[in-house]
2 protein chains.
Amino acid sequence: MLDIDNIFEKIKLDGHRLTKIRKAMIGILFADKCLLSASEIRTRLSVSGLSADRTTVYRELGFLLEKNIIKEIRIADRKTYYEIVSPEHHHHLVCTKCNSVQEIVMGNHLKRQEDRIYKKARFKVLAHSLEFYGLCRNCR
Amino acid sequence: MLDIDNIFEKIKLDGHRLTKIRKAMIGILFADKCLLSASEIRTRLSVSGLSADRTTVYRELGFLLEKNIIKEIRIADRKTYYEIVSPEHHHHLVCTKCNSVQEIVMGNHLKRQEDRIYKKARFKVLAHSLEFYGLCRNCR
DNA sequence: TATTTATTGCAACAATGTTGCAATAGACAA
DNA sequence: TTGTCTATTGCAACATTGTTGCAATAAATA
């Protein structure tokens, strides 16, 4: 899932259509390495000359989520953000001053915790969300 | 912050009033050890005979957040939940089948990661959010 | 070019959250 | 107990996010 053309191909092979809006949305999410909200995506679409209804954007996000092309992230500002699924599992460093977001890769420390949770609480962890909030290099 | 009466006292010492709704909301959040949404809190209020406007509930939640009496948690169902601030830092195990939520205490594993983040990315972590999703003991 | 149906836009709705303003009710003093 | 002050509340009105049904449109293939 590194190349945008692989994504396009996969969608077609699954019997779906490569519409202008779909291609543009994937392109926007692919190009922009930070987190984007539904309304931000919609704004970028219209900036690039493609006006899409709110409904369409949400439905397309649902489609891309289902296809595991993007994933949803909720951070402390109460909004829902989306990002392209990347091969490397990562977390986010959210600057509470300038709102910038960086990615951070963290080894398998959590995996060990999850094993412990299973032993201790009999709870089978299938996924987790971890975000760090603080001050980025520039805002410190 | 273990005793509800300490909370009441602190509020009065700060020059604020102990209204029926305020006391009831703190009582509800204090009694219920799981996460509650704004509308759930409002429902519980009216069940206990206190009808409060939506606005009032949100304003009171804002007040309690400011006073650091409660904190906000956002989990993957897109809702915002609240819980009493407890002395022990903990995380949540959210069952994706029955929606139950348990707390889990995790030592200082993340602290070590946060030091590493500072050294590596020059990002000063001030807070984090970590939730685990999976199947609880009963739903496995 | 014609056909099929996935995708889109529109209208209408639901839930969550916010703001301004006038009315109400805690807390305290007399 | 009563009066005063002002923190708190309710109401109306609004903004944002997200969803659903249905008819119109436009990709993909023959």
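In what follows, chains are A, B, ... by sequence order, proteins preceding strands, each numbered from 1.
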Would you say the side chain of A:H16 lies within less than 4.5 Å of the side chain of A:K67, judging by non-hydrogen atoms? yes
So B:E88 and B:E103, do their side chains get closer than 4.5 Å, heavy atoms only? no
Within this structure, what is the [atom1]-to-[atom2] distance between [X] and [N], rounded to whole angstrom?
X     : N      : atom1 : atom2 : answer
B:H16 : D:dT9  : NE2   : P     : 12 Å
B:D14 : C:dC28 : CG    : P     : 13 Å
A:E40 : D:dT17 : CD    : P     : 9 Å
B:R42 : C:dT18 : CZ    : C1'   : 14 Å
A:K23 : D:dA28 : NZ    : C1'   : 13 Å
A:Y82 : D:dG18 : OH    : P     : 5 Å
B:F8  : C:dG26 : CZ    : P     : 14 Å
B:L65 : C:dG17 : CG    : C1'   : 13 Å

Which residue, A:I11 or B:T80, contacts DNA chain C at a nucleotide closer to its 5' end, judged by nearest heavy atom? A:I11
Return no unless some side-chain N or O of [X] is found under 4.0 Å from OP1 or OP2 of [N].
X     : N      : answer
A:K20 : D:dA26 : no
B:T19 : D:dT8  : no
A:Y58 : D:dG18 : yes

Are the side chain of B:R22 and the backbone of B:R17 linked by a donor-acceptor contact shorter than 3.5 Å? yes
So does B:R78 reach the base of D:dT17 with its side chain, donor to acceptor, closer than 3.5 Å? no
ring-ring contact (aromatic ring centres under 6.0 Å, His included) involving B:H92 - partner list, sequence neighbours excluded: B:H90
From the options D:dT19, C:dA6, D:dT8, select the nucleotide whose nearest atom is closest to the side chain of A:T55. D:dT19
Side-chain atoms of A:K79 come closest, of D:dT17, D:dA7, D:dG10, to D:dT17
With sugar-phosphate meaning primed atoms plus P, OP1 and OP2, does [X] contact a base, only sugar-phosphate, or nothing at under 4.0 Å between heavy atoms?
X     : answer
B:S37 : nothing
A:S39 : sugar-phosphate
B:R54 : base
B:R59 : base

If you look at every heavy atom in A:Y82 and A:A38, which pair is closest and at what distance? CE1-N, 4.1 Å
Do we get B:R122 above B:Y118's six-membered ring, with its NZ or CZ under 6.0 Å from the centre and within 45° of the axis? yes
Strictly below 4.0 Å, N to O, side chains only: are B:K119 and B:D115 in salt-bridge contact? no
Assert: residue with more 5' nearest nucleotide on DNA chain D, out of B:S51 and B:G15, is B:G15
Sequence-distant partners of B:R78, salt bridge (Lys or Arg N to Asp or Glu O under 4.0 Å), two or more places apart: A:E72
Between the first and last five pairs of the helix from C:dT1-D:dA30 to C:dA30-D:dT1, the angle of the axes, rounded to 10 degrees: 30°
